[in-house]
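Reading through the structure tokens given below for one structure.
Numbers restart at 1 for each chain; the letters A, B, ... are given by sequence-line order, proteins then strands. Hydrogens, waters and symmetry mates are skipped; everything else that's a heavy atom, side chains included, is used.
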Amino acid sequence: MMCSQLGIERPVVVGHSLGGLVALELAAGHGEQVRAVTLVDSILLAPGVRARFVRELVAALRSADASRALREYYSTFFGAHDDQARMAWILDEIVRTPAHVTSSILEESVQSWDDADALERCEVPLLYLDASTPNADLARATKLQPQLAVGRTIGSRHFSPCEVPEQINAMLERFLTVGLEQKIDDHSAEEIIR
Amino acid sequence: MLKTAEISNWLTDAGAVDVIKTMPGSDMRPLAYEELRSRSDQLSLGPIVVQVAALDDVIASKGLSELARTGDHPSCRFSFVAGSAVWGVLPLSSVAGIKRGVGAAGRTAATRPAFGEQDSGSGPKRSAAVVQTVGVAKLIRDGIALAYEEAGRGAPALVFVHGLACHRGFWAEQVKHFSRHHRVLAVDLRGHGDSDAPEQRYTMQLLADDVA
């Protein structure tokens with residue numbers, strides 16, 4: 001609705017975390033409207049990781065002091081390298097989101113949506129930018145979508161677009177330059193090991 | 001019908017105002033739109049002189065019917081044309097979900113063009129009266145306001161979608177970087193940031209359709 005209303009034609013849709021899954025669903029359901037998709041550290045094809053994430057976040061949302069529990073939970077998404085002031089800002093912003101929104105999205109993303117199905121339905125160039133906390137089964141993702149390009153940031157955990165924008169931006173630039181017209185000619189880790 | 005109905009909040013010397021901007025769709029008869037524009041009068045908004053369009057016509061226009069219908073969106077107090085767009089000024093905070101300014105300190109301000117910069121046509125020119133535009137641009141879908149910010153130009157366009165419980169401000173560094181050579185859109189998903197957060201099911205399909 002927003003892209004079509006604003007006259008934005010065939011954009012490259014870049015999503016962080018759950019936003020990457022929204023981008024994936026967008027490409028799966030409206031492929032003709034999307035030029036390419038980039039996912040940044042989204043939980044993908046990792047049902048165990050997703051189940052734990054949903055379980056722990058739901059528990060935080062239901063606790064007596066939800067705001068504090070959410071902060072504690074999301075604090076685990078940061079590492080030793082992270083800027084403390086930025087982390088504080090991120091946590092402040094996160095706890096503002098209405099609980100009914102977070103709860104519903106968690107529930108729907110598990111019950112009424114299938115990431116493997118959405119990934120399979122995608123027919124556009126794909127880039128996955130991993131962070132240092134593995135959240136995706138990229139070997140399986142590459143089997144489902146052989147054109148999937150993979151990059152990995154260093155020195156940052158989940159909030160890599162905020163923490164290491166120079167790495168994210170550089171890889172995204174390269175993807176825009178060489179990845180939209182043809183498959184990026186990188187070896188996969190599996191190929192290198194073989 | 002009208003192509004867009006976009007709501008933003010502007011801070012002017014005359015005070016903060018919610019502004020609604022409409023653009024004609026390709027299927028709207030040019031004459032009908034011109035007629036709407038021609039019935040404009042001049043009106044002073046503080047020190048800014050603006051054209052006042054036929055207000056009822058704007059609200060009654062097909063594309064705005066959902067706005068008028070919800071009941072949460074009282075009539076524009078007055079409206080004006082600038083360039084090819086029809087603008088309406090709403091009483092402050094008359095629209096559900098509109099927050100004054102950009103909200104939390106530290107949140108990236110939507111970088112809306114200053115008053116009069118939007119169109120280089122015959123509209124009012126930029127006035128010193130505009131202190132700052134702190135507007136949060138919003139589109140209305142079935143009565144739900146969806147916030148976004150837009151910058152730059154150039155293809156391919158990039159659309160940035162934030163994660164769960166985050167908002168468009170998390171992409172500030174990417175918006176800054178890529179808007180130098182690309183048209184960039186950063187959205188607030190339904191329920192997040194400056195978008196409305198109705199009690200409803202938030203399915204992945206709905207979130208994707210909001211962005212599409």
- Task: Check each atom of A:Leu57 against the heavy atoms of chain B and say whether the ones under 4.5 Å are side chain, backbone, both or neither.
- Result: side chain

- Message: I'd like to verify something: which residue of A:Ala28, A:Ser17, A:Gly15 has the highest number of heavy-atom pairs under 4.5 Å with chain B?
- Response: A:Gly15

- Item | Residue, of A:Glu25, A:Glu107, A:His100, that accumulates the most heavy atom pairs under 4.5 Å with chain B | A:His100

- Message: Please evaluate residues B:Val161 and A:Val13 with respect to the criterion side chain to side chain contact (heavy atoms under 4.5 Å, CB included), reporting the C-alpha separation (whole Å), side-chain torsions for both, the decisive distance (0.1 Å), and the verdict.
- Response: CA-CA 7 Å; B:Val161 186; A:Val13 185; 3.9 Å; yes

- Query: Does a side-chain heavy-atom distance below 4.5 Å link B:Leu189 with A:Val22?
  - Reply: yes

- Parallel, tilted or perpendicular: which fits the ring planes of A:His16 and B:Trp171, with parallel below 30° and perpendicular above 60°? perpendicular

- Query: Do B:Glu150 and A:Leu6 have side-chain heavy atoms sitting under 4.5 Å apart?
  - Reply: yes

- For A:Ser112 and B:Thr203, work out which heavy atoms get closest and say how close. OG-CG2, 4.2 Å

- Part of B:Asp209 within contact of chain A (heavy atom distance under 4.5 Å): both

- Message: Looking at every non-hydrogen atom in both residues, tell me the closest pair between A:Val101 and B:Arg190 and how far apart they are.
- Response: CG1-O, 4.2 Å

- Hey, is the main chain of B:Tyr202 close enough, under 3.5 Å, to the side chain of A:Ser104 for a donor-acceptor pair? yes

- Message: Can you pull out every side chain to side chain donor-acceptor pair (under 3.5 Å) where at least one residue sits in residues 73-82 of chain A? Sequence neighbours excluded, please.
- Response: none

- Note on the structure: Looking only at heavy atoms, the pair that brings A:Pro165 and B:Glu173 closest together is CB-CB, 3.5 Å

- Task: Could you tell me how the ring of A:Trp89 sits relative to the ring of B:His167: parallel (under 30°), tilted (30 to 60°) or perpendicular (over 60°)?
- Result: perpendicular

- Which atom names give the shortest non-hydrogen contact between A:Leu180 and B:Pro156, and what distance separates them? CD1-CG, 3.8 Å

- So side chain to side chain donor-acceptor pair (under 3.5 Å) across residues 122-139 of chain A, not counting sequence neighbours, yields A:Asp41-A:Asn135

- Task: Could you look at A:Ile168 and say if it's the side chain, the backbone, both or neither that has a heavy atom under 4.5 Å from chain B?
- Result: side chain

- Message: If you compare all heavy atoms of B:Val187 against all heavy atoms of A:Met2, which two are closest, and at what distance to 0.1 Å?
- Response: CG1-SD, 3.8 Å

- Item | Contacting region of B:Arg183 [heavy-atom separation from chain A under 4.5 Å] | side chain

- Query: When you look at CZ of B:Arg201, are more than 12 heavy atoms from neighbouring residues, nucleotides or ligands closer to it than 6.0 Å?
  - Reply: no

- Got a second to check how far B:Leu207's CG is from A:Leu26's CG, nearest 0.5 Å? 11.0 Å

- Message: Let's test your reading of the structure: which of B:Ala208, B:Ala212, B:Gly163 forms the most heavy-atom pairs below 4.5 Å with chain A?
- Response: B:Ala212

- Task: With a 4.5 angstrom heavy-atom cut-off, could you sort out which part of A:Gln33 is near chain B: side chain, backbone, both or neither?
- Result: side chain

- So which of A:Leu106, A:Ile94, A:Asp92 has the biggest tally of heavy-atom pairs under 4.5 Å with chain B? A:Ile94

- If you count the non-hydrogen atoms of other residues, nucleotides and ligands that lie under 6.0 Å from CZ in A:Arg86, is the total more than 12? yes

- Query: Would you call B:Phe178 and A:Val14 a side-chain contact if the rule is heavy atoms closer than 4.5 Å?
  - Reply: no

- With side chains defined as the heavy atoms from C-beta onward, is the minimum distance between B:Phe160 and A:Val12 less than 4.5 Å? no

- Is the closest side-chain heavy-atom distance between A:Leu21 and B:Met204 below 4.5 Å? yes

- For B:Leu164 and A:Leu18, the nearest pair of non-hydrogen atoms, with its separation, is N-CB, 3.7 Å

- Mind checking whether A:Ile105 and B:His192 have side chains closer than 4.5 Å, heavy atoms only? yes

- chain A contact via B:Leu158 - which portion, at a heavy-atom distance below 4.5 Å: both

- Note on the structure: Looking only at B:Gly191, B:Pro198, B:Ala155, B:Cys166, most heavy-atom pairs under 4.5 Å shared with chain A are made by B:Gly191

- Item | Test item: B:His177 and A:Glu173 side chains (from C-beta on) under 4.5 Å apart, heavy atoms | yes

- Under 3.5 Å, is there a donor-acceptor pair between the B:Gln174 and A:Asn169 side chains? yes

- Message: What part of B:His182 gets within 4.5 angstrom of chain A, counting heavy atoms only: side chain, backbone, both, or neither?
- Response: side chain

- Item | A:Glu72, CD: over 12 other non-hydrogen atoms inside 6.0 angstrom | yes

- More than 12 foreign heavy atoms under 6.0 Å from CG of A:Asp65: is that the case here? yes

- Given a strict heavy-atom distance threshold of 4.5 Å, which part of A:Val34 is in contact with chain B: side chain, backbone, both, or neither? neither

